[in-house]
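Okay, so here's the structure we're looking at.
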Amino acid sequence: MPLDTADFPADLLALLRQPLTCADAQETIATFFARPALATLYQRARDPLHTASILQGCATLLPKLPPQRAAMLALMCGTLVEDDADPRVLFPVALDLLHRWLQQLQPYCAEAVEEDDTEPPDPAALQAWEDAQAQMAAVPRDQRWEVELLHQAADLLVLPLMTMVLRERRNHADFLAHSALQALLATLHRSDSLPFEQLYYLVLAADISYEDALAVVLPASGTGFIARVHAANNGFHAFSMLQRLIRHHGQALRVRPEIWDAANAVSDASDGAPTADMDSDVDGDGDDEDTADSDTAAFQWLQATAYAGGQLVNPMAWAWGEAPLRSFASRQGLRVLIALDSEGGCSRRWSGFTSACHAAQDPHVEFQRYLTPQEVAALLD
């Protein structure tokens, strides 16, 4: 797609395309956008009449620019997305750029091998560390600034990518589907030889799950409900939000009185359909007392495979708290969690798993409807 010369005049394009030099290692975000041509572009991009065309122009330009300037331009686009610009336009380009840059940086990345008096270091880990050191040593000293600029650009690109990943579920799905990038993130975020400050946030984003219809079954009372789960970090995060929802609907779900919240409980509905006061929405952050209660297991949280024929056949089929919610088993076309109210259950507590990793995440659960007795039986069969 040709660039609009009103958005990208010749002097701006010349500036963006200018080859990098060692002096560019001193460039900061502030000095970059203080240049008149960039300041004019940003002000024009904030005008809704021009936002879409400038985003599209940036998507065309980014793969052809030096990494440092591409990352800074992407950062400007991330700011526009935060102001409600379309998060889909630049995302595929930025995602592919990060993959390409991390591939180039991978030879210089490895985890440090810790000394241990009790056992020798892992030979493969030691070899990887030595290889990374050797790769960096092979780069002439007067060219290492190029590696460092690429390293800085990759870290900077994480910031707009996080904004785009967490403001659009389709972006999140595409992000997870990029298996080659996921493999790089899993290893490079732990690099000590060339440490990254921001990559870990994309690793956290990769664990986030969305479920439009999650079935929660309470076998002790023969009840359950369907909930929509938005942006849960992991199983623990889902348990915390779901337990607050169960307390709110505790009387209707017939859980023990010490579990449900009598002050805010809703009444039962004979047809299982949600009413106005039942259509509750629980966010990922509560008040201190509520959060503390929800970070202690009120139930034994199990996966669907724990039950067969209506009986508990595998009490060790835990829903592991650290795992992504989407990794849990499904039945009847639904992701299923079993909340077993058992006196002899294992006590579980968790902390540090329920904080949002980005302002755009908005973790919450929404009550949809109660399960019918027939649905409960089918999900436990």
Side-chain angles (χ1 to χ4, degrees), residues 1-105 139-165 167-168 171 196-199 360:
M1 181 177 179
L3 294 170
D4 187 334
T5 56
D7 294 334
F8 298 92
D11 62 330
L12 173 60
L13 292 177
L15 171 62
L16 292 172
R17 290 168 173 163
Q18 185 178 355
L20 295 176
T21 67
C22 183
D24 289 297
Q26 308 304 315
E27 181 91 86
T28 66
I29 296 169
T31 58
F32 181 75
F33 285 105
R35 299 186 184 194
L38 270 301
T40 299
L41 175 67
Y42 179 54
Q43 290 305 316
R44 183 177 176 85
R46 294 182 66 188
D47 183 338
L49 294 175
H50 304 293
T51 303
S53 65
I54 289 178
L55 274 176
Q56 188 60 61
C58 289
T60 301
L61 271 176
L62 251 60
K64 306 169 185 175
L65 299 181
Q68 183 199 42
R69 299 201 183 103
M72 290 186 179
L73 201 59
L75 188 66
M76 181 197 78
C77 295
T79 302
L80 298 175
V81 170
E82 288 178 348
D83 291 335
D84 295 326
D86 187 351
R88 290 287 281 173
V89 175
L90 196 77
F91 180 72
V93 173
L95 198 68
D96 286 343
L97 267 184
L98 182 64
H99 176 229
R100 183 174 44 165
W101 294 349
L102 291 182
Q103 282 183 310
Q104 295 174 43
L105 292 168
V139 178
R141 288 190 174 275
D142 61 354
Q143 296 177 24
R144 289 187 188 178
W145 62 270
E146 298 179 28
V147 176
E148 184 52 36
L149 279 182
L150 182 61
H151 174 223
Q152 292 174 8
D155 231 13
L156 185 60
L157 189 57
V158 172
L159 302 180
L161 274 172
M162 284 290 291
T163 294
M164 297 172 202
V165 163
R167 276 181 165 80
E168 171 57 63
N171 285 352
F196 295 88
E197 294 183 5
Q198 307 296 336
L199 280 190

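This one's a predicted model, so the numbers in the text were calculated from it and none came from an experiment.
- A side-chain contact (heavy atoms from CB on, under 4.5 Å) with R69 is found for exactly one of L20, L38, L149, namely L20.
- Residues passing the salt bridge (charged side-chain N to carboxylate O under 4.0 Å, His left out) test with E146, sequence neighbours excluded: none.
- Remark: L157 CG to M162 CE distance equals 12.5 Å, nearest 0.5 Å.
- Taking CD from E148 and CD from Q143, the interatomic distance works out to 15.0 Å, rounded to the nearest 0.5 Å.
- To the nearest 0.5 Å, the span separating CG on L73 from CG on L62 amounts to 5.5 Å.
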- Show the numbers, then the answer: is there a side chain to side chain contact (heavy atoms under 4.5 Å, CB included) between F33 and L41? CA-CA 9 Å; F33 285 105; L41 175 67; over 6 Å; no
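- Considering only heavy atoms from C-beta on, L13 comes within 4.5 Å of L61 through its side chain.
- Partners of H99 by ring-ring contact (aromatic ring centres under 6.0 Å, His included), not counting sequence neighbours, listed by chain and number: H178.
- A 6.0 Å sphere centred on CD of Q104 holds more than 12 heavy atoms belonging to other residues, nucleotides or ligands.
- Within the structure, the salt bridge (Lys or Arg N to Asp or Glu O under 4.0 Å) test picks out the following pairs touching residues 34-61 (sequence neighbours left out): D7-R44, E27-R35.
- Annotation: side chain of E168 is not in contact with side chain of F91 (no heavy-atom distance under 4.5 Å).
- For the residue pair L16 and L65, the shortest heavy atom distance occurs at O-CD2, 3.6 Å.
- Residues satisfying the side-chain contact (heavy atoms from CB on, under 4.5 Å) criterion with P9, sequence neighbours excluded, are D11, L12.
- The minimum heavy-atom distance linking L15 with A37 is given by the pair CD2-CB, 4.4 Å.
- For F196, the ring-ring contact (aromatic ring centres under 6.0 Å, His included) test picks out H151, with sequence neighbours left out.
- Rounding to the nearest 0.5 Å gives a distance of 8.0 Å between CE of M72 and CD of Q152.
- Here the closest non-hydrogen pair linking V158 and L199 is CG2-CD2, 3.7 Å.
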- I54 vs M76, side chain to side chain contact (heavy atoms under 4.5 Å, CB included): CA-CA, chis, key distance, verdict: CA-CA 11 Å; I54 289 178; M76 181 197 78; 4.2 Å; yes
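- Nearest heavy atoms, T51 versus A45: OG1-O, 2.5 Å.
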Atom pairs and distances, side-chain donor-acceptor, residues 77-87, under 3.5 Å, sequence neighbours left out:
from : atom 1 : to   : atom 2 : distance (Å)
T79  : OG1    : L75  : O      : 3.2
E82  : OE2    : T163 : OG1    : 3.4
D86  : OD1    : R88  : N      : 2.9

